[in-house]
Amino acid sequence: MLVNRKLILAHFWLAFAVFGFALTLGAWQMFIRSPIGTWLSNPELYYRSLTAHGTVMGYVFPTLVAMGFGYAISESALEQRLVGVRWAWTGFWLIVAGSIMALIPIALGRASVLYTFYPPLIGNVFYYLGVVLVVVGSWIWVALMSVNLRVWRKAHPGAPVPLAMFANVAGSYLWAWTAVGAALELLLQIIPVAAGLKATIDAGLARIFFSWTLHAIVYFWLMPTYIAYYTIVPRAIGGRVYSDSMARISFILFLVVAMPIGMHHTFADPMVGAGFKFIHSAFTALVALPTLLTVFTICASVEIAARLRGGRGMFGWIKALPWDNPMMLALAFSFVMLGFGGAGGLINMSYQLDASIHNTQWITGHFHLIFGGAIVIMYFAIAYDLWPHLTGRELIDLRLIRTQLWLWFIGMIVTTFPWHWVGILGMPRRMAYFDFGDPAIAPQALSVTFSAIGGFILLASGIMFIVILARGMRAPLADAGPYRFALAVHQPATVPVALNTHALWVALMIALTLTNYGYPILNLALSSGTSVPAVYVGAQ
Amino acid sequence: MSTRDLFTFSNSHFRIGVGITAAILIVTAIAGFIVLPFAQPWVQFANVWDAICSAAGVPQRAPSVTTPEQSKRLSEVVLTSRTLARPSQEAIGRGATLAQRCAICHGPTGISRADSPNLAGQYAAVIYKELHDFRSGARTNAVMSPFAVNLTDDEIADLSNYYAYLPRLPAYHPTPQLPKPNIVIYGAPIRGIAPCGACHGSLDNKTGSPWLEGQSEAYMKAQLQAFASGERRNDISQQMRNIARAMTPQEIEQAAAYYASQPPDVVKAVD
C-alpha cells in the first residue's frame, strides 16, 4: 500500500540527481590526477571538487535513499498510511535547502575542507550550517519512523513487527545516535570558530567526535542494502527468507556493535590511548559477525529459491538460479564486492596491519568498494524493484538493466583493485597531483590509469541508471500490484519482546558509546592547552 | 511477556544480551589496559594502575630531562583570526607615520629601489610576523633588527595594517614576464616540495605566506639560499627550510626569476 508515492519519488529523484552530479566530479578527479590527464595546475580546484563529491556521496545521497526507502517500507510493510506526511516533506525540503546552502560555499572555493572537515582547517560557516540542515532533515525521518511503528503497534498489540520495518527503524535509530558525534563537533567546535566567535579549536577532540560518526555512518548507508538482501531479494527470485530470527539478530547486532568502534579511524592519532584503540579494534572485529550471519542466511535463502526451481546437488543448484533477474545479479555482485571489501576491512581494523596502509589509497579503494560497490549496487536494485510500484509503469528493458549492473560491477572492480594495490605500494590518499615522470612512482602509472578508466566505466553505468529510471517514468501504464516483502520459511506468529522492540539494543548501544568514548572525550574536553589556532580556507 | 519486563534479569534475552556485551567489554578492557601494556618489554610500568593510565591516554608529565639549550631563537608568533581584524583608519594613519622610517629602503610608496621587499599591499599577517621575529631575534638582519627592537606590539600591528592598506604597484625593476617554471606550478612531489604557487600566489595564497609577484629577484634568491643553509630559521616547523634544502640551485634561480617578472596586479584578490 504505497500512498505517498510522490514523497518517495521526490526523495529518490533528488538522491539520484545529486548522485549523478557527484559521480561526474569523481570521474573527473580520477582523470585529472592520473597519468592520462594533464595536471590542471591548481590543487584548490581538485579539493573543491573532492569536497563536493564527498559531501554529496557521504551525507546527501545515502540519507535520501534511506529516507525514501524508509517511507516506502513504512507504508507497504505496515500497510498503513504514513503518519506525518507534512513533517516528511519538511524534512525533504530541509535537505534540499541544506544541500544548496553547503554547495554554494564549496563551489566558490570557500569550504574546501573535504567532507571529513579536517579541523583546524575551517571553511565558510554556511557549508557547515548546510550539513546541519541535512542532518536535521534526516532526524525528522527518524522520528517519523518511530512514530509510525508506534501507531502500528497500538493497532496490532503484541503482533510481530514486519521484518522490513523492524530493520528500517533499527537503521534510523543507528543514524540518530551516530550523527550525534558529528553534530557535537559541528555545533560545539567548528561552527563557533567558522562564525568568528572563537579563534582556536581542539582538533584532536574534533577528530574523536567525528570518528563517533564516521564508522557507524557506514552501517547506516548499509541498512537499506541489508534490508533489500533479507526482504526483497528472496521474494524477487522466488524464494523465502531462511530465518526471520537470524535476520532480526543481525540488525540488532548492527545497532549494538556498529557504534563503539570508530576509533579504528584514529589509530595513528596520538591523543587517544592505546587501550581504547585496542577495545575499538576488538569491537570492530565483532561487526563482521552480523555480516557473516547475513551472508549465511541469504545464501541459504537463495538456495531455497534454487531448489524450488529444480536445482539439485551440492553446488548444482547455483545453475538453477534466475540469473537473468536483475535482483539476482545485483545480489551476486554485491556479495562479491562485500567479500573483497570486508577482507580489506579486517586489515584496516587491525591495529598493526593498519600501520602499513593507513592514509594510503588502499583506504580510498576500500570504502569505494564497500560503499560505492556492495551498497550502492543494491540501491540501484531497490530503485528498480520499487519503480513500477511508484510510477505505475513497467520497467521493460531488463537487458539494459543487466548491462548497467554489469558495468557498475566491472567499473568498481577496475577502479578499486588498482587503488588497493598502489596503496600497498605506499601511494598517499588526498593528493591532488602525482609526478608519474619520476622513476620512484613511474611503475604505479599503469595501475592508476586503469583506475581512472574504471571511473569512466562507473560514470557510464551511472548515466545508464538515470536514463533507465527516466524512461520508466514514460513507459506504458501497468499495474504492478501491491508492494510485498519476502516471507520467511517459518513466518513468525510470535516474536520475543527483545526481538520485536529496539529498546534493549538502543540502551546497549548508548552504554557502549559511554564506555568506549566517555573517557577519551572527557580527557580532551577537560584538559587545557589542547587547542590550536584555526586555519581559515581562503584567508590571508 | 510485556515490554515492561524487558529490562529484568528474569528475561533471558536481557541476561544474555547484557551479559555477553559486558563480558566482551571486560575481556577487551583487561587485554587492552593490563595485558598488552605489560606485553611490551621496552616499556616499564611502576604498577598496574600506571599501565592502565598509560593505556587510557592519561596525559603524563614527561620525565624531567634537560632539554638542549636552543642556540637560536625560534618564531613565537601566534596569529588568530582576531589578531589583525578590521583595522581602524586611525591605526592605518599611525602606521603611515611610523612607516616614514622604513621608506629609505622599502620606498615611500612601499615599492623598493634597493632590492628590499616591496611592502605595498603585502598581507598584514606577513609583515606582522616578520617584524615580531626581527624583534625577538628569531630572524636577524643587520639593518632590520635595530629598527624592530624598539617597536611595541601596537606599532607592529599598525605598520602591518598600513602596508596592507597601500595599493599594489608595479615594481621598479620590470623584466619580460617569464613562463611558469615547473617548480612554481607542480613543485617536486617526490622530493616533498609543494608547488611555490600553491601558497605564494600564481595558483593560490595561503594564510601567513607572502605574495611574491614583482619582488626583487636578488632578495628572493638570497632568502631561499638562507633557508637552505639554515642561516634563516624563523619559518614555522621548518616549512621553508625543508623546501629550500630540497630545491636545486637551478630551481631557486627559476622560481626567483619567475616571481620577479610577474606584475603584482595578478595577485589573486581573495580577501
Side-chain angles (χ1 to χ4, degrees), chain A residues 39 41-44 109 122 158 193 196 198-200 252 256-257 260 270-283 286 431-435 438-441 496-501 503-505 507-508 511-512 515-516 519-520 523-524 527 530 533-540, chain B residues 1-3 5-7 11-14 16-18 21-22 24-25 27-29 31-34 36-37 51-59 78-83 85 123-126 164 180 185-191 194-195 197-198 202-209 211 270-271:
Chain A
W39 171 230
S41 299
N42 189 348
E44 209 286 319
I122 298 289
V193 180
K198 273 178 70 185
T200 59
I252 56 174
V256 178
V257 291
M271 72 282 172
V272 184
F276 283 103
K277 287 175 181 170
F278 177 78
I279 292 187
H280 280 247
S281 180
F283 274 91
L286 282 179
M431 290 287 143
Y433 170 69
F434 294 100
D435 178 10
D438 192 286
I441 62 165
V497 179
L499 295 183
N500 206 28
T501 57
L504 174 59
W505 316 109
L508 278 177
L512 279 177
T515 56
N516 289 12
Y519 179 77
N523 185 21
L524 282 170
S527 305
T530 50
V535 177
Y536 292 87
V537 172
Q540 296 305 339
Chain B
M1 185 173 51
S2 74
T3 324
D5 302 324
L6 182 61
F7 288 90
N11 174 5
S12 62
H13 288 98
F14 178 81
I16 295 170
V18 174
T21 310
I24 293 172
L25 183 67
V27 168
T28 53
F33 287 95
I34 299 172
L36 289 176
I52 292 173
C53 288
S54 161
V58 178
V78 174
L79 190 71
T80 71
S81 55
R82 290 178 188 168
T83 313
Y123 301 123
V126 171
K180 293 172 179 164
I185 289 306
Y186 302 124
I190 296 297
R191 279 177 282 146
S202 283
L203 297 178
D204 201 356
N205 289 288
K206 295 280 160 61
T207 318
S209 316
W211 56 264
V270 190
D271 38 353

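Protein chains get the first letters and strands the later ones, always in sequence-line order, with residue 1 at the start of each.
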Where on [X] is there a heavy atom nearer than 4.5 Å to chain B: the side chain, the backbone, both, or neither?
X: A:Ala440; result: side chain
X: A:Leu512; result: side chain
X: A:Ala432; result: neither
X: A:Asn500; result: neither
X: A:Asp435; result: both
X: A:Tyr519; result: side chain
X: A:Leu504; result: both
X: A:Ile252; result: neither

Region of [X] in contact with chain A, defined by heavy-atom distances below 4.5 Å:
X: B:Val126; value: neither
X: B:Ala31; value: both
X: B:Leu36; value: side chain

Would you say [X]'s side chain and [Y]'s backbone share a donor-acceptor pair under 3.5 angstrom?
X: B:Thr21; Y: B:Gly17; result: yes
X: A:Asn516; Y: A:Pro260; result: yes
X: A:Trp505; Y: A:Ala498; result: yes

Using side-chain heavy atoms (C-beta onward) and a distance below 4.5 Å, is [X] in contact with [Y]?
X: B:Pro59; Y: A:Asn523; answer: yes
X: B:Thr28; Y: A:Phe283; answer: yes
X: B:Pro189; Y: A:Tyr433; answer: yes
X: A:Thr530; Y: A:Leu524; answer: yes
X: B:Ile24; Y: A:Leu286; answer: yes

Review point. In terms of heavy-atom pairs under 4.5 Å, which option from B:Gly197, B:Ser12, B:Gly32 contacts chain A the most?
Key: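 Result: the option with the highest number of such pairs is B:Gly32.
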
**Study point:** Greatest number of heavy atom pairs closer than 4.5 Å to chain A - which of B:Val78, B:Ile190, B:Ile185
**Key:**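 With the most close heavy-atom pairs to chain A, the winner is B:Ile190.
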
Exercise for review: Go through B:Ile52 and B:Ile34 one step at a time and tell me if the side-chain contact (heavy atoms from CB on, under 4.5 Å) criterion holds.
Suggested key: CA-CA 6 Å; B:Ile52 292 173; B:Ile34 299 172; 4.0 Å; yes

